[in-house]
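To find a chain, count down the sequence lines: A is the first, B the second, and so on, and within it residues start at 1.
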Amino acid sequence: MSVFSPVFFERPVLLVARDLLGAQLIRIQNGVRLSGTIIEAEAYDGEQDLACHARSGHTPRNEVMYGPAGHAYIYFTYGMHWMMNVVTGETGYPAAVLLRGLLPTEGLDIIASQRKGQSDKLWCNGPAKLTRAFSIDGLFNRADLCDPFGDLRLEIGAKIPEDNVEKTPRIGIQNTPEPWRSLPWRFLVKQSGIQRK
DNA sequence: AGCACGATTAACT
DNA sequence: GTTAATCGTGCTC
């Protein structure tokens, strides 16, 4: 498969989040190719979105969100977890897609070893689980996900028809005020065979 | 300088 | 259902 053009990511974050369903996340780890199909993603849209890390303006942590689309925004939270996002929209406008769920397709033995003791259904069904399974951390912050030779990149995958896309409010933002807390900005592939929780 | 909390997970009652 | 783990970030004093 081939990587996306940056133009794909320069569109509004809601469109990119929906269209990333079915795409492939690729991680080359010690020369081994790991991959998975994106089956869950959330949109975070600008400084006015009070659930978005850009809600308090430009800071050192969220700086990459203001940069060019198609790059990785990876941050550390809860003292132990890494989360991976894809920067979208025009340069200067802070928006990103949080990757929340994958269906692993290549490198299953390596993924299993990095998710020790867990059933295959639980390998990548959470934002911090998939970064652990794919060995993704802050070193990949700012990585160009459109680089066909990058060790972390996105590749075009199956198109998911509209009737197979589920939309719900975003997860883990219970302290965010309305209307943002309830906006249906979480996108999932129905019948992916992966349990949600 | 201090503090509350976080786009979570796994283990435990 | 509840809670510990564990620390960077942003806000208040």
Side-chain angles (χ1 to χ4, degrees), chain A residues 9 12-21 23 25 36 38-67 69 71-89 93-104 111-143 145 152 154 166-189 194-197:
Chain A
F9 299 105
V13 65
L14 288 172
L15 299 180
V16 178
R18 184 255 178 267
D19 289 346
L20 275 177
L21 296 179
L25 179 68
I38 296 174
I39 57 171
E40 180 178 348
E42 286 177 354
Y44 290 86
D45 188 21
E47 296 178 350
Q48 77 284 354
D49 174 7
L50 295 189
C52 181
H53 283 173
R55 59 183 172 273
S56 33
H58 198 287
T59 69
R61 178 174 69 157
N62 65 30
E63 174 185 6
V64 63
M65 292 182 82
Y66 290 81
H71 289 245
Y73 166 44
I74 294 172
Y75 71 92
F76 186 66
T77 190
Y78 289 103
M80 64 187 85
H81 299 306
W82 292 100
M83 309 274 189
M84 176 177 174
N85 299 256
V86 184
V87 174
T88 72
Y93 183 85
V97 176
L98 171 69
L99 302 187
R100 290 193 58 93
L102 302 175
L103 193 58
I111 290 170
S113 72
Q114 292 172 156
R115 295 285 297 131
K116 264 208 185 322
Q118 302 294 327
S119 140
D120 57 354
K121 300 287 196 292
L122 305 178
W123 283 347
C124 296
N125 68 332
K129 296 181 189 181
L130 69 89
T131 57
R132 170 62 95 87
F134 278 59
S135 191
I136 295 165
D137 62 21
L139 295 176
F140 286 103
N141 195 34
R142 300 177 170 283
L145 302 172
L152 183 65
L154 289 162
E166 181 179 356
K167 301 170 188 175
T168 81
R170 294 170 290 181
I171 301 298
I173 57 168
Q174 282 310 295
N175 289 337
T176 299
E178 298 289 3
W180 298 279
R181 189 176 66 198
S182 299
L183 294 173
W185 287 2
R186 175 185 184 221
F187 301 85
L188 306 94
V189 178
I194 292 290
Q195 70 184 81
R196 305 301 178 201
K197 191 161 185 192

Using atom P in both nucleotides, what's the gap between C/dT6 and B/dG2 to the nearest angstrom?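 So the two P atoms sit 22 Å from each other.
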Q. If you measure from the P atom in B/dC5 to the same atom in C/dT3, how many Å do you get, rounded?
A.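 Pairwise P distance, B/dC5 against C/dT3, rounds to 16 Å.
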field: Base-pairing assignment for B/dT9 (Watson-Crick or G-U wobble, both under 3.5 Å)
entry: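 Here B/dT9 is engaged in a pair, and the nucleotide opposite it is C/dA4.
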Got a second to check how far A/F76's CZ is from A/M83's CE, nearest 0.5 Å?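 It comes to 10.0 Å.
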Q. Atom CZ in A/F140, atom OG1 in A/T131: separation rounded to 0.5 Å?
A.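 Taking CZ in A/F140 and OG1 in A/T131, the distance rounds to 11.5 Å.
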Under the 3.5 angstrom rule, does the side chain of [X] hit a backbone N or O of [Y] as a donor-acceptor pair?
X: A/R100; Y: A/E40; answer: no
X: A/R186; Y: A/I171; answer: no
X: A/R181; Y: A/E178; answer: no

A correct 5'-to-3' footprint of nucleotides 4-13 of chain B, with B, S and - meaning base, sugar-phosphate only and no protein heavy atom under 4.0 Å, is --BBBSS---
